[in-house]
Amino acid sequence: MTVMVEKDLRKMLNIALKKLDVEQHDIEIEVPKDTTHGDFSTNIAMKLARVLRKSPMQIAEMIVEEFPNNEVFKEITIAKPGFINFVVDKRIYYNVITEINSERELYGSSSIGHGEHYNIEFVSANPTGSLHIGHARGAAAGDSLARILKKAGYRVTKEFYVNDGGNQIHNLALSINARYKALFNEPVEMPEDGYYGKEIIALAKTIQLEHGDRYLKEDGYAFFRQYGVDYLLDQLKTDLRNFGVEFDIWFSEAKLYEEKLVEKTIETLKEKDYTYEKDNALWLKTSEFGDEKDRVIIKSDGSYTYVTPDIAYHKEKLSRGYTKLIDILGGDHHGYVPRLKAAIEMFTGQSDYLEVDLLQMVKVIQNGEEVKMSKRSGKAITLSDLVEDVGKDPIRYFFAMRSLNTHMELDLDLALKQTNENPVFYAQYAHARIASVMRQAAEKGVHVNTLINQFETLDSDKIDTLLTVLVDYKNVVEEAATKRIPHKITQYIHRLAQALHSYYAEEKVITDDERATKERLALIHAVKIVLKDALSLVGVDAKDRM
RNA sequence: GUUUCGGUAGCUCAGUUGGAUAGAGCAACGGCCUUCUAAGCCGUCGGUCGGGGGUUCGAAUCCCUCCCGGAACGCCA
């Protein structure tokens, strides 16, 4: 809708410019941050100052003079340096109410992603322990982005890469072994790079319950390995589900080996002459593609480095025909990105088939001071702790509020308060208020016809604001999707909730005026739909009562 | 040392293809509940945009330089 209005404006400005004998010109139209500057503005008069050799103010006046008559803009003003500001007659927005109420959750959908199929990989934690707070940020970011991209018309596949093939699983088995033996007072030393989380102790106890002392007598290594991965992966899925995050594909690293994909990938790279042998190892020429140096892919002892299966994995993903691969990684992996992109370029000829979005660290504050995580002691704040103590919605919302690449702070004292310091309540309350009014209407026997399309009584600044925000939804979704900025959505949610609360305080919806009541009910019903939909894009539930 | 992210109001953060008096939430302060939910509304206070140069009609935004903090710099994963 705003897009249409913008198009109209452009057309009208061109007509005016033609009358002034100005050649076709790039007209910049923007939505002013300050609403007192109207709904749209242009700096065209300033741009033309040099060409026409007149002052911007003069030019602006000339443009306004020649501006065609129309029903879209009810006010056109000229401001200081030479801006021309346009105020939309909000009556042309009335039909958005009907549109929303009939399209419901499809309203705001876009087609800018048409034809694109994105694979978005995130979290991808090793199944060696519980998910901690860093994974939580990744999960929230990836899932929200996926939802937003879908809304914008992209096809999206969410994928979790399970690192179940490497050395870490070996260490996991040894760690379980140590914890298991300890239960029988047969202490075994924890491995050097062992996993110290309390969930490993719980895991060992489960094994003790199910199998008694069986693995004191026989070697339990293979069993611990398999059991551990299954158990932890299962827990991990549960934790993510409780956080509102579901994946389409769980891709096992082990599968790469089973299907010989790593060997095949290395063969391909050799054939393309991107490898060479040196010091008894096999190197990949990543420096030819922007990496700062070449990387070893087969060590001198014959084993692979970390990147090797990962390259095979990304090649496998490419073979599935996605138009883009997105990896969401922790910021500490930034040095890893160039070598991965180099490999992608070796296969596809262009590195931007892969987009890596980095998340910066989360600093956790508790009792006013920073909580330091420690692998050794197993001390960490887990995702399940967060969901249990604080709740899914505030955590999801809080993560979505921040841009991905900012260092963020999570204040647990604040999050635990569950007061209005958590902005998510503000939005949920707006939704609940509307639901409440709807209930009142039903009780009073008011017949709610949300599909009315004639509006005669909606006339106030608060309503104009609501309509303006509702109309803007699609733009916001598109911007959030293309720029990968989920916080654009939470900002929008806040803007809409604010407009609703402000309106609610000013005007009663249900009155004796039947006509007005019906129109207002249709309006707030539309607000309710968009609020709920926008919240869903960041994985937050809308509530009907609070 | 190199790479990378960040430094914007008391706090947490938006805003960076150059544009109008730099925004939001929270905190603080002052009002508003006989009326559909006060988890709300209305208003006030609050900033050398890390420092210094430069580019121009115009810089938080672009260029140079310096300072401070996080992270990464393996034939670890």
Side-chain angles (χ1 to χ4, degrees), chain A residues 28 30 32-34 36-37 41 43 46-47 49-50 55-56 79-83 85 126 128 163 166-171 193 278-283 292-293 295-310 330-338 358-363 365 398 401-411 414 417-430 432-441 443-444 446 462 485 487-488 490-491 494-495 497-498 500-511 517 520-521 524 543 545-546:
Chain A
E28 273 182 58
E30 65 164 17
K33 288 173 245 172
D34 187 339
T36 62
H37 294 134
S41 79
N43 60 357
M46 286 143 88
K47 293 261 183 182
R50 203 170 298 168
S55 81
K80 263 193 307 178
F83 288 101
N85 298 328
N126 302 335
T128 54
N163 274 140
N167 200 39
Q168 62 271 33
I169 302 303
H170 172 69
N171 282 324
D193 296 311
K278 192 181 89 181
D279 302 331
N280 243 344
L282 189 70
W283 295 69
E292 57 182 13
K293 60 179 211 174
R295 306 290 170 175
V296 169
I297 53 172
I298 301 180
K299 297 190 253 179
S300 51
D301 68 359
S303 64
Y304 301 130
T305 57
Y306 180 70
V307 265
T308 316
D310 219 11
D332 53 344
H333 286 75
H334 84 264
Y336 180 72
V337 178
L358 298 175
L359 291 169
Q360 298 304 323
M361 300 259 141
V362 180
K363 185 198 271 188
I365 306 293
F398 200 85
M401 277 171 69
R402 266 66 188 178
S403 74
L404 306 190
N405 67 345
T406 196
H407 301 269
M408 68 169 282
E409 208 168 88
L410 183 65
D411 187 334
L414 194 115
K417 273 184 193 163
Q418 301 218 21
T419 67
N420 58 352
E421 288 170 63
N422 271 321
V424 65
F425 292 120
Y426 185 79
Q428 288 179 320
Y429 185 46
R433 271 187 148 172
I434 297 172
S436 174
V437 175
M438 293 297 172
R439 284 194 297 272
Q440 297 280 335
E443 278 169 27
K444 290 182 182 170
V446 179
K462 304 289 188 190
I485 45 175
H487 64 264
K488 190 82 189 171
T490 56
Q491 285 174 353
H494 189 266
R495 200 150 58 98
Q498 191 171 50
L500 186 279
H501 284 309
S502 183
Y503 167 67
Y504 182 95
E506 185 185 81
E507 183 169 84
K508 230 182 140 180
V509 174
I510 302 169
T511 65
T517 299
R520 292 179 199 134
L521 282 170
I524 64 167
K543 296 191 189 317
R545 292 173 199 276
M546 287 181 76

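Naming: A, B, ... by sequence-line order, numbering from 1 per chain.
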Spell out, as yes or no, whether a donor-acceptor pair under 3.5 Å connects the side chain of A/N422 to the backbone of A/V424. no
Does A/S403 have a side-chain nitrogen or oxygen under 4.0 Å from the phosphate oxygens OP1 or OP2 of B/C13? no
Whole angstrom value for the distance that separates P of B/U12 from CG of A/L414: 11 Å
Can you check whether A/Y306 reaches A/N163 side chain to side chain, under 4.5 Å on heavy atoms? yes
So, is A/R433 near the phosphate of B/A39, with a side-chain N or O under 4.0 Å from OP1 or OP2? no
Would you kindly compare A/E409 and A/K444 by the position of their nearest RNA chain B nucleotide and give the one closer to the 5′ end? A/E409
Within less than 4.0 Å of OP1 or OP2 of B/C76, is there a side-chain N or O belonging to A/K299? yes
Between B/A72, B/C75, B/C42, which nucleotide has the shortest distance from any of its atoms to the side chain of A/S502? B/C42
A/T305 side chain: which of B/U21, B/C75, B/C5 is closest? B/C75
Rounded C1' spacing from B/G47 to B/C11 in Å: 14 Å
Calculate the interatomic distance between A/R495 atom CZ and B/G15 atom C1'; express it in whole Å. 14 Å
For nucleotides B/A22 and B/C13, find the distance between their P atoms and express it as a whole number of Å. 23 Å
Between A/Q498 and B/G25, is there a side-chain N or O to OP1/OP2 distance below 4.0 Å? yes
Sugar-phosphate, base or nothing in reach of A/K543, heavy atoms under 4.0 Å: nothing
Lys/Arg N to Asp/Glu carboxylate O, A/E507 vs A/R520, below 4.0 Å: yes
For A/D310 and B/C76, what is the distance between atoms CG and C1' respectively, to the nearest whole Å? 14 Å
With a cut-off of less than 4.0 Å, is there a side-chain N or O of A/T511 near OP1 or OP2 of B/C36? no
Using heavy-atom distances to pick each residue's nearest nucleotide on RNA chain B, tell me which of A/Y426 and A/R439 is more 5'. A/R439
Base B/C75 to side chain A/S300, donor-acceptor N/O within 3.5 Å cut-off: yes
With heavy atoms under 4.0 Å as the rule, sort A/N280 into base, sugar-phosphate or nothing. nothing
Between the base of B/A20 and the side chain of A/S41, is there a donor-acceptor distance below 3.5 Å? yes
Is there a side-chain polar atom (N or O) of A/K488 under 4.0 Å from OP1 or OP2 of B/A24? no
Under 4.0 Å: is that the gap between some side-chain N or O of A/N43 and OP1 or OP2 of B/A20? no
Roughly how many Å apart are B/G69 and B/C75, using the C1' atom of each and rounding to a whole number? 33 Å
State, yes or no, whether a side-chain contact exists between A/Y426 and A/Q498 at a heavy-atom distance under 4.5 Å. yes
Donor-acceptor pair under 3.5 Å, A/N85 side chain vs B/A20 base: yes
Partner of B/U44 by Watson-Crick or G-U wobble geometry, both contacts under 3.5 Å, or none? B/A28
Rounded interatomic separation in angstrom, taking NE2 from A/H501 and P from B/G40: 6 Å
Does A/R295 reach a base, just sugar-phosphate, or nothing at all? Heavy atoms under 4.0 Å. nothing
Pair assignment for B/U2, Watson-Crick or G-U wobble, requiring both distances under 3.5 Å: B/A72
Measuring to OP1 and OP2 of B/G15, would you say a side-chain N or O of A/H487 lies under 4.0 angstrom away? yes
Which is true for A/E506 with a 4.0 Å heavy-atom rule: it touches a base, it touches only sugar-phosphate, or it touches nothing? nothing
